[in-house]
Amino acid sequence: MKKLCFIIALVSVSIVNAQAFKGKGDQKFQVAANFQDEATGLNVSYDYGLGENISVGVSSTYALGIDSRLDADFGDRFDLEARFNANLGNVINVDDNFDVYPGLNLSLKNFGGHVGARYFFSDGFGVFTEANFPLAKYSNDKSEISYYIHNQFTLNIGATFSL
């Protein structure tokens, strides 16, 4: 049902004049809810355009709702990552307001990948979703809390802003 509402919202505002990724110098700030098997939390990210289809940035997630069987301290709950994106909105050319961006990230917890999509309703505001997945974990020790938090498939859903 949520997906249907999201699609309807996207279609209904497709006549608004905005652009999802403008290339070199473009800046995006995103804030989102983060969902994973063992926790829910808050994610913030910033991306800076280096070229027509390339951006780099940082992202941080803090896990708030931790599964009760895990005793997580601040270091376990917090993750910080550097990220690289290939912004493909103008390549696939669905809509000027729509951007798809696969990428790689190097975090305090793992080396991973992500795939995201943004849609802008105006020049400054839009919505986004992003799926993150680890490609290489720093530790596979199941006795460590970091094995269960941030080291799995995660989903971010939230708002994006052009700066």
Name of the residue among Q30, R83, Q27 meeting side-chain hydrogen bond (donor to acceptor under 3.5 Å, both in side chains) with Y46: Q27
Atom pair CZ/OG of F120 and S162 - distance to nearest 0.5 Å: 4.0 Å
Where at least one partner belongs to residues 140-161, residue pairs that pass ring-ring contact (aromatic ring centres under 6.0 Å, His included), sequence neighbours excluded: F125-F161
Inter- and intrachain pairs under side-chain hydrogen bond (donor to acceptor under 3.5 Å, both in side chains), touching residues 70-79, at least two apart: D79-S107
Ionic contact status for R69 with E38, cut-off 4.0 Å: yes
Nearest-0.5 Å distance, OG of residue S139 to CG of residue N151: 8.0 Å
Side-chain touch N43/S59, heavy atoms, less than 4.5 angstrom: yes
Donor-acceptor side-chain pairing of D47 and S55 below 3.5 angstrom: no
Cation-pi, F98 ring and R118 (6.0 angstrom, 45 degrees): no
Atom pair OH/CG of Y62 and L80 - distance to nearest 0.5 Å: 14.5 Å
Remaining members of the apolar cluster that contains V91, side-chain heavy atoms under 4.5 Å: L88
Lys/Arg-Asp/Glu bridge criterion (N-O < 4.0 Å) met for D26, K28: yes
Pairing residues for Y48 by the side chain to side chain donor-acceptor pair (under 3.5 Å) criterion, not counting sequence neighbours: none
Matching residue for N53 among N90, N85, N87, D99 - test: side-chain hydrogen bond (donor to acceptor under 3.5 Å, both in side chains): N90
Heavy-atom side-chain contact between I54 and F84 under 4.5 Å: yes
Parallel, tilted or perpendicular: rings of Y119 and F121 (30°, 60°): perpendicular
Spacing of CD belonging to E130 relative to CD1 belonging to I157, to within rounding of 0.5 Å: 11.5 Å
Hydrophobic cluster identity match, V58 and L42, side-chain contacts under 4.5 Å: yes
Residues forming a side chain to side chain donor-acceptor pair (under 3.5 Å) with N156, sequence neighbours excluded: N34
Minimum side-chain heavy-atom gap N110-L135 below 4.5 Å: no
V100 with L50, same ILVMFWY side-chain cluster at under 4.5 Å: yes
Cluster check L108, L64: I/L/V/M/F/W/Y, side chain < 4.5 angstrom: yes
Within one Ile-Leu-Val-Met-Phe-Trp-Tyr cluster: V127 and F29, side-chain cutoff 4.5 Å: yes
Counterpart residues, ring pair (Phe, Tyr, Trp, His ring centres under 6.0 Å), relative to F111 (two or more places apart): none
Distance (rounded to the nearest 0.5 Å) between E81 CD and N105 CG: 4.0 Å
Connected via hydrophobic side-chain network under 4.5 Å: V31 and L163: yes
T61 vs F78 side-chain heavy atoms within contact, under 4.5 Å: no
